[in-house]
Every structure is written in structure tokens, then in C-alpha cells.
Amino acid sequence: MIGYLRGDVQWVDTESLILVCSGVGYDLLCTPETLSTVGAGETLELWVYTQVREDAIQLYGFRSLEEKQMFLSLIKVNGVGPRSAMHILGASPVEKLVEMINQGDAKGLSGLPKV
């Protein structure tokens, strides 16, 4: 299981990027915030969640360990898959999500994508 990668950004798209580590290019789905702050040629470190399914292996990349931990918490919720969790993380900073959850802010949480 891949948990962390450090390498050079080869390519950035609207949902993912290619990170080259020791000559191997990894395709990682990332939040819009992460994608908007990096460009080709930059060195990047990402915490990684590896999803293994029958039909695919997908990598999800996170700039901070806190972001990855929130993602892991979100995908434990019934009905929230990895893509939905990425949309949620893309709509609100981790600190704001924690605040809404701790305060029981159902209105704020229901305003997030895919919730």
C-alpha cells in the first residue's frame, strides 16, 4: 500500500496530477486547492490513500496528514466514498470541517457538495 510520495510534478489536470518518483509516474486524485497551488516541474510531497477495487487501483493525494486523516474519517461515513470525500475536502478547509462537526452544524455540513 502506498502511503506517502515525494517527487516532481509532471502534469496537472482538473482532478489529478502525475507525480514522478524515481522514474515512475503516479496518477493521484487531489483536491482543487492542491491542484491550483502546484505546477509542472515542482517538487511535491503528498500523503497518499490507496484504494484497491476489483476493477481499479486509485491513489488519492493530500498536502497534509490532517487532510488525509479527515478524508479517512469521511469515507467511514455510510454513503460517502472517496470521490465524495474529495469533493467535501475541496469545498471546506479541514479546520472548518472539524468545527462544523464539533458544533453539530447540520446546516453548514448539508451545504457541502455530495452531503
Side-chain angles (χ1 to χ4, degrees):
M1 181 117 40
I2 298 170
Y4 172 86
L5 290 170
R6 180 172 172 243
D8 297 324
V9 177
Q10 180 71 29
W11 177 77
V12 180
D13 192 9
T14 57
E15 291 187 348
S16 65
L17 58 81
I18 303 290
L19 190 67
V20 177
C21 306
S22 300
V24 177
Y26 295 92
D27 188 355
L28 295 116
L29 288 170
C30 299
T31 63
E33 180 184 352
T34 296
L35 296 170
S36 69
T37 61
V38 299
E42 291 183 41
T43 299
L44 183 62
E45 298 179 38
L46 292 174
W47 294 91
V48 177
Y49 170 75
T50 306
Q51 179 190 36
V52 179
R53 296 185 337 209
E54 184 177 305
D55 60 339
I57 297 174
Q58 186 66 59
L59 302 176
Y60 295 84
F62 308 94
R63 296 293 297 261
S64 69
L65 186 54
E66 293 77 23
E67 189 178 43
K68 180 181 177 182
Q69 290 170 331
M70 177 57 75
F71 172 87
L72 294 173
S73 294
L74 288 169
I75 63 173
K76 288 179 184 175
V77 174
N78 191 24
V80 179
R83 286 199 181 255
S84 294
M86 291 300 278
H87 287 289
I88 293 167
L89 285 172
S92 182
V94 173
E95 299 79 22
K96 182 69 173 169
L97 284 172
V98 170
E99 182 181 314
M100 286 189 283
I101 292 167
N102 288 339
Q103 293 178 353
D105 183 0
K107 183 178 179 181
L109 289 168
S110 65
L112 296 171
K114 309 288 184 182
V115 177

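Numbers here are sequence positions counted from 1.
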Item to complete: Determine whether more than 12 heavy atoms belonging to other residues, nucleotides or ligands lie under 6.0 Å from atom CG of N78.
Response: no
Worksheet, complete the sentence: Scanning both residues in full, the closest heavy-atom pair of G25 with I18 reads CA-CG2, 4.0 Å
Discussion item. Between S92 (side chain only) and I88 (backbone N and O only), is there a donor and an acceptor less than 3.5 Å apart?
Written reply: no
Discussion item. With a 3.5 Å distance limit and no angle check, can you tell me whether S16 reaches the backbone of D27 through a side-chain donor-acceptor pair?
Written reply: no
Worksheet item: CG of L97 to CG of L74: how many Å apart, nearest 0.5 Å?
Response: 6.5 Å
Discussion item. Apply side-chain contact (heavy atoms from CB on, under 4.5 Å) to residues E15 and R83 and explain how you reach the verdict.
Written reply: CA-CA 10 Å; E15 291 187 348; R83 286 199 181 255; 3.4 Å; yes
Discussion item. Is there a path of hydrophobic side-chain contacts, each under 4.5 Å between heavy atoms, that joins V24 and W11?
Written reply: no
Discussion item. Between L59 and L46, is there a side-chain heavy-atom distance shorter than 4.5 Å?
Written reply: no
Discussion item. With clusters defined by side-chain heavy atoms of hydrophobic residues (ILVMFWY) lying less than 4.5 Å apart, directly or transitively, does L44 cluster with Y4?
Written reply: no
Discussion item. Is it the case that atom CD1 in I57 sees more than 12 heavy atoms from other parts of the structure closer than 6.0 Å?
Written reply: no
Practice prompt. Provide the closest heavy-atom pair for P82 versus Q51 in the form atom of the first, atom of the second, distance.
Written response: CG-NE2, 3.4 Å
Worksheet item: Hey, what do you get for OH (Y49) to CG (L29), rounding to the nearest 0.5 Å?
Response: 12.5 Å
Discussion item. If I take atom OG1 from residue T50 and atom OH from residue Y60, how far apart are they, to the nearest 0.5 angstrom?
Written reply: 10.5 Å
Worksheet entry | Shared hydrophobic cluster, I101 / M86 (ILVMFWY, side-chain heavy atoms < 4.5 Å) | yes
Fill in: Beyond-backbone contact of V48 with Y26, side-chain heavy atoms, under 4.5 angstrom
no
Practice prompt. Could you check T31 against E67 for side-chain contact (heavy atoms from CB on, under 4.5 Å), going step by step and ending with a plain yes or no?
Written response: CA-CA 10 Å; T31 63; E67 189 178 43; 3.6 Å; yes
Item to complete: Verify side-chain contact (heavy atoms from CB on, under 4.5 Å) between R63 and T37, making sure each step is shown before the conclusion.
Response: CA-CA 10 Å; R63 296 293 297 261; T37 61; 2.9 Å; yes
Discussion item. Is there a path of hydrophobic side-chain contacts, each under 4.5 Å between heavy atoms of I/L/V/M/F/W/Y residues, joining L19 to L35?
Written reply: yes
Fill in: Distance-minimising heavy-atom pair for S64 and W47
C-CD1, 3.5 Å
Worksheet item: Hey, quick one: are I2 and V20 part of the same hydrophobic cluster, counting side-chain heavy atoms closer than 4.5 Å, chains of contacts allowed?
Response: no
Discussion item. Please give me the minimum heavy-atom distance between V80 and A85, naming the atom from each residue.
Written reply: CG1-N, 3.9 Å
Worksheet item: Does atom CD of E42 have more than 12 heavy-atom neighbours from other groups under 6.0 Å away?
Response: yes
